[in-house]
> 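Would you mind keeping the following structure in view while I ask a few things?
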Amino acid sequence: MRLYFRNWRKIAFGILGIYFLVSCYTGYLLIRRRLLSKSRYDLQRIRELTAFTDDDTDWNPWGEEFEKEDVGAAKQPPHIPWESETNFKSYKEPGAGRPNVSTSSDFVVEIWGKAAIGLYLWEHIFDGVLERRLQGIWSYGEKTIGNIKFRYRTGPGVIPSKAPKHAQNVVLVLNGREPSKIALAKTWLDYLPSLPKLQNAAVVLLGNERCDNDWLKPYMEKSDGLVKLVFLTYDSSKIDNINFYQWPLGVATYREFPKVKGNNVPVMNSRKYICNFLGTVYKNSTRETLLQTLSTSSIGSSCFIKARHTWLPNETEDSRDTYLRALAQSDLTLNPVGINTECYRIYEAMSYGSIPVIEDVMTAGQCGESPVSNNVPLRLLKEENAPVIYVKDWNELKEILQREATFSQEYKAKRRKELISWYENFKLKMRDKFVRVIEERFFHIYR
């Protein structure tokens, strides 16, 4: 009888073991299918955006504003001969000492994203993946770099009362652009002292466009607060690489700007437009000079222009696709200053290999030279020798467009490759910078 039960138990354990292995393999197949489906979707979107469609040929760049446009039936874009495309070569990772992505870790860092710039950090800089849970109430991602396991949490369900109580190392991604956002940011910063095991805290801050971020001072470690350091957007005079480190503005993830893979951009294809500008034109601004220059230039008619006079915080799917298509089909993307010189459009143009033409002037406010750099505005781009075009006055644009019209297709294709390669390297360098600072300031690891 004992032998019978012993054999039965072996069979039962065997069945359980087989069930476990089959379940794991099934889960692997489901995850792999989901990732492949997303990759195919991303590739298809870029194909659609870079294709010439019939409705583009009827576009008058000096016609009515696009808020009044009638949306017609979607047209099937023509096939792009990808087989003839030269594959985009992988970029070189910066620095031999850059930490590698690994599967083991000695430290855990929680990143709690309460600003859209957090998605740029996680998905574009870290190349991380997010898993939506509870119908998108919150999303979670995990990635190990070197000996640090980063855990990213974001979504409306991520609130102080639901945050992990025993977190030891925390990076808060916050929005400090306007008073209502600052009030929410302070709620999170005021919550930090209630974490019983907290050892280290840092902030990634979408700063004020005029660099007015003084509200943060009481929370800094040098003012007896808990925040050791801040990664801060815009050319703040506070950047000292001790308490404040400059961080790129990135792309407008809040407008659902996609993550574009450089290998998927058809850099060898001829582009329809010499330049593009889609944006708000404010009265008595340099943007009026920009439009005036384009309207008086014979080559300006080769640019894709859609101007509006009222800023809109959100985009429709159609207006977003129009913008993405303009980037993907233009050699140059014009970037006039707004409240700040740095704008999302710069990084979005780079994603598609469209050379940013940037108005290189300081804007009003507290931005400017810092203890570590006087190379402003656009300190990060200039220090990394970004392959962009700077102008001090939009009257220079006429000459730029005339010169652009003389360039060969081969030269433009080479330039696009170089721009995309630079941007991919730039994101890697920003990841390396983030990880290195966390290693040194949180864990006293020096490379």
> To check you understand the geometry: which heavy-atom pair defines the closest contact between E424 and V260, and what is its length?
OE2-O, 4.1 Å
> When you compare the side chain of L401 with that of L294, does any pair of heavy atoms fall below 4.5 Å?
yes
> When you compare the side chain of T363 with that of I339, does any pair of heavy atoms fall below 4.5 Å?
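No; the side chains remain at least 4.5 Å from each other.
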> Could you check whether K228 and N200, counting side-chain N and O atoms only, form a donor-acceptor pair closer than 3.5 Å?
yes
> With rounding to the nearest 0.5 angstrom, report the SG to CD distance, C343 to E209.
10.0 Å
> Any side-chain heavy atom of L189 within less than 4.5 Å of one from V203?
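L189 vs V203: side chains touch.
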> Without hydrogens or angle criteria, can the side chains of N208 and N213 be said to hold a donor-acceptor pair below 3.5 Å?
no
> Which residues satisfy the side chain to side chain donor-acceptor pair (under 3.5 Å) test with D224, sequence neighbours excluded?
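Listed in chain order: nothing, the list is empty.
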> For the atom pair CG (D240) and OG (S373), what is the distance rounded to the nearest 0.5 Å?
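D240 atom CG to S373 atom OG measures 12.5 Å (nearest 0.5 Å).
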> Testing R379, K382, R210 one by one against D235 for a salt bridge (Lys or Arg N to Asp or Glu O under 4.0 Å), which residue passes?
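Result for salt bridge (Lys or Arg N to Asp or Glu O under 4.0 Å) with D235: R379.
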> Looking only at atom types and distance, does a side-chain atom of T253 sit under 3.5 Å from a main-chain N or O of A116, one as donor and one as acceptor?
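Judged by distance alone, yes, a pair lies under 3.5 Å.
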> What verdict does the side chain to side chain contact (heavy atoms under 4.5 Å, CB included) test give for Y152 and L119, after you've listed the backbone C-alpha separation in whole Å, the side-chain angles of each residue and the deciding distance to 0.1 Å?
CA-CA 9 Å; Y152 184 79; L119 291 178; 4.3 Å; yes
> Mind telling me whether W138 and Y140 have parallel, tilted or perpendicular rings, with 30° and 60° as the class edges?
perpendicular
> Return yes if some donor-acceptor pair links the side-chain N/O of W422 with the main-chain N/O of E384 below 3.5 Å, else return no.
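Side chain of W422 to backbone of E384: a pair is present.
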> Got more than 12 heavy atoms from elsewhere within 6.0 Å of NZ, K398?
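Not more than 12 within 6.0 Å, no.
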> How far apart are the C-alpha atoms of L278 and F304, what are their side-chain angles, what is the distance that settles it, and do they pass the side chain to side chain contact (heavy atoms under 4.5 Å, CB included) test?
CA-CA 8 Å; L278 292 82; F304 186 93; 3.7 Å; yes
> For Y234 versus Q246, what's the shortest heavy-atom pair and its separation?
O-NE2, 3.4 Å
> Could you tell me whether the side chain of F231 reaches within less than 4.5 Å of the side chain of M430, counting heavy atoms only?
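Side chain of M430 against side chain of F231, heavy atoms only: no contact under 4.5 Å found.
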> So W112 and Y191, would you call those rings parallel, tilted or perpendicular, with 30° and 60° as cut-offs?
tilted
> Can you check side chain to side chain contact (heavy atoms under 4.5 Å, CB included) on M350 and L381, steps first, answer last?
CA-CA 12 Å; M350 290 179 180; L381 297 183; 4.2 Å; yes
> Please round to the nearest 0.5 Å and tell me the distance separating atom OG of S236 and atom CD of E369.
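One gets 13.0 Å once the value is rounded to the nearest 0.5 Å.
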> As a quick check of understanding, evaluate salt bridge (Lys or Arg N to Asp or Glu O under 4.0 Å) for K261 and D127, giving each step before the final call.
CA-CA 10 Å; K261 294 184 178 180; D127 196 25; over 6 Å; no
> Does L428 offer a backbone N or O that forms a donor-acceptor pair with the side chain of D432 under 3.5 Å?
no
> Testing the basics here: between A163 and W188, what is the closest heavy-atom pair and its distance to 0.1 Å?
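For A163 and W188, the tightest heavy-atom pair comes out as CB-CZ3, 4.2 Å.
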> Does the side chain of E359 pick up a donor-acceptor pair with the side chain of T286 at under 3.5 Å?
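Yes, side-chain donor-acceptor contact under 3.5 Å.
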> Is L378 close to Y390 at the side-chain level, that is, under 4.5 Å between some pair of heavy atoms?
yes
> Does any N or O in the side chain of S223 come within less than 3.5 Å of the main-chain N or O of Y219, such that one atom is a donor and the other an acceptor?
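A pair under 3.5 Å: no.
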> For Q135, is the CD atom crowded, meaning more than 12 foreign heavy atoms sit under 6.0 Å from it?
no
> Taking atom CG of L226 and atom CE of M220, what is their separation to the nearest 0.5 Å?
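Answer rounded to 0.5 Å: 11.0 Å.
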> Do you know the tightest heavy-atom contact between T289 and D393?
CG2-OD1, 4.5 Å
> Side chains of W122 and K143, heavy atoms from C-beta outward: is any pair under 4.5 Å?
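Yes, at least one pair of side-chain atoms sits under 4.5 Å.
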> Taking the side chain from K259 and the backbone from E123, do they hold a donor-acceptor pair closer than 3.5 Å?
yes
> State whether the side chain of T341 and the backbone N or O of V361 hold a donor-acceptor pair below 3.5 Å, judged by distance alone.
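Side chain of T341 to backbone of V361: a pair is present.
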> Ignoring hydrogens and geometry, is there a side-chain-to-backbone donor-acceptor pair from N169 to A201 under 3.5 Å?
no
> So does V267 get a backbone contact from the side chain of R416, meaning a donor-acceptor N/O pair under 3.5 Å?
yes
> Counting only heavy atoms not in K414, do more than 12 sit closer than 6.0 Å to its NZ atom?
no
> Measure the spacing between CD1 of I445 and CG of N147 and express it to the nearest 0.5 Å.
4.0 Å
> Taking Q292 for the side chain and E288 for the main chain, is one N or O donor matched with an acceptor at less than 3.5 Å?
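Pair absent, no side-chain N/O of Q292 close to backbone of E288.
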> Are side-chain heavy atoms of R325 and K272 found at a separation under 4.5 Å?
no
> Determine whether Y245 and R441 make a side-chain contact, defined as any pair of heavy atoms from C-beta on separated by less than 4.5 Å.
yes
> Got a sec: does the NZ of K181 have more than 12 other heavy atoms crowding it under 6.0 Å?
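No, not enclosed.
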> In this structure, are over 12 heavy atoms from other groups packed under 6.0 Å from R133 atom CZ?
yes
> Parallel under 30°, tilted from 30 to 60°, perpendicular over 60°: which one fits the rings of F434 and F150?
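Judged by the thresholds at 30° and 60°, the geometry between F434 and F150 is tilted.
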> If every non-hydrogen atom of A202 is compared with every non-hydrogen atom of V227, which pair is closest and at what distance?
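Scanning both residues completely, I find the closest heavy atoms to be CA-CG1, 4.2 Å.
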> Pick from H124, E342, K427: which one makes a side chain to side chain donor-acceptor pair (under 3.5 Å) with Y347?
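When side chain to side chain donor-acceptor pair (under 3.5 Å) is applied between Y347 and each of H124, E342, K427, only E342 qualifies.
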> Using a cut-off of 6.0 Å, state whether more than 12 heavy atoms not belonging to E399 lie near its atom CD.
no
> Can you name the closest pair of heavy atoms from E404 and I274 and give their distance?
CG-CG2, 3.8 Å
> Under a plain distance cut-off of 3.5 Å, with no hydrogens placed, do S319 and T316 share a side-chain donor-acceptor pair?
yes
> Ignoring hydrogens and geometry, is there a side-chain-to-backbone donor-acceptor pair from R415 to E410 under 3.5 Å?
no
> Assess the residue pair Y344 and Y254 against the criterion (ring-ring contact (aromatic ring centres under 6.0 Å, His included)); give the C-alpha distance rounded to whole Å, side-chain angles, the decisive distance to 0.1 Å, and a yes or no.
CA-CA 11 Å; Y344 296 113; Y254 75 98; 5.8 Å; yes
> Say you draw a straight line from CD1 of I239 to CZ of F244; how long is it, rounded to the nearest 0.5 Å?
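Result: 7.5 Å between the selected atoms.
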> For L397 and S297, run side chain to side chain contact (heavy atoms under 4.5 Å, CB included): C-alpha distance rounded to whole Å, both residues' side-chain angles, the deciding distance at 0.1 Å, then the answer.
CA-CA 9 Å; L397 182 60; S297 171; over 6 Å; no
